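Worksheet: the structure to be examined is printed underneath.
Both ligands and their constituent atoms are indexed starting at 1 by order of listing. As the structure is a prediction and not an experimental result, all values here were calculated from the model.
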Amino acid sequence: MADRIVIGISGASGAPIAEALLKALKKERVQTHLVISRGGAMTIEQETGMSAGEIGQLADVVYDNQDLGAALASGSFKTMGMVVVPCSMKTLAGIHSGYSDNLLLRAADVTLKERRRLVLVARECPLSQVHLRNMYELSQMGAVILPPVLSYYHKPETLEEMTNHIVGRIMDQLGMEYEGFRRWGG
Ligand SMILES: Cc1cc2nc3c(=O)[nH]c(=O)nc-3n(C[C@H](O)[C@H](O)[C@H](O)COP(=O)(O)O)c2cc1C
């Protein structure tokens, strides 16, 4: 189904990006299926001032990360793809190796095997050779590696504008417009 997307929130810095993306997808009337790792729940509280439960209210369906029998665990559950936002280096490694011991990892594994869009908002600084190798090889496997890097050419004045820019980049990967995204027009 084209209007259904999986969102995974793992324990890297960048939870406000996930919050803004969920709001943007709601505006586009895309059905969001959300799974949050334990690390993700921690960073949500640290970085947004919201609880994982409150972030969950922005999604249409929320899954328990331990529920490996949930719909997201099967390729027969059709989606337009998955965004892992933010994607920790641990979750990146799990996806890279196919070590699907939680629902978030399994859903990403399914997205890859079904050749659907997989966008990884991978965040760490600096990056080790392990991180770089995993990203490079996942890119070769078809995933889009979209690190939430800073940009200045659109003259951001607030953190929200920086965040919006990343959300716009993610929405571009999903083939959707985002009103908060200021494109480079020369
Ligand atoms: C406040 C906070 C920020 C973190 N930021 C990052 C990060 O940017 N990148 C990263 O790879 N791990 C980061 N970590 C560590 C991960 O949360 C940790 O490796 C965790 O095991 C990831 O598990 P998960 O991928 O299942 O969520 C952070 C942890 C905390 C508490």
**Asked** Do His154 and Glu161 have a side chain donor and acceptor closer than 3.5 Å?
**Response** no
**salt_bridge(Arg169, Asp172) N-O dist < 4.0 Å** = no
**Prompt:** Are Leu104 and Val144 connected in the hydrophobic side-chain network, where two residues link if heavy atoms are under 4.5 Å apart?
**Reply:** no
Dump all N/O pairs between ligand 1 and the protein below 3.5 Å as a table: atom names plus distance, one pair per row.
unit_1, atom_1, unit_2, atom_2, d
ligand 1, 5 (N), Ser13, N, 3.3
ligand 1, 8 (O), Ser13, N, 3.1
ligand 1, 8 (O), Arg123, O, 3.3
ligand 1, 8 (O), Arg123, NH1, 2.8
ligand 1, 9 (N), Arg123, O, 2.7
ligand 1, 9 (N), Glu124, OE2, 3.4
ligand 1, 11 (O), Met89, N, 2.8
ligand 1, 14 (N), Gly11, O, 3.1
ligand 1, 17 (O), Gly11, O, 2.6
ligand 1, 25 (O), Ser88, OG, 2.5
ligand 1, 25 (O), Thr91, OG1, 2.5
ligand 1, 26 (O), Lys90, NZ, 3.0
ligand 1, 27 (O), Gly11, N, 2.7
ligand 1, 27 (O), Ser37, OG, 2.5

**Request:** Could you check Tyr153, Tyr178, Tyr152 and say which one makes a side-chain hydrogen bond (donor to acceptor under 3.5 Å, both in side chains) with His165?
**Result:** Tyr153
**Message:** Tell me whether the rings of Phe77 and His33 are parallel (<30°), tilted (30 to 60°) or perpendicular (>60°).
**Reply:** perpendicular
**Message:** Among Leu34, Leu22, Thr32, exactly one meets side chain to side chain contact (heavy atoms under 4.5 Å, CB included) together with Leu58. Which residue is that?
**Reply:** Leu22
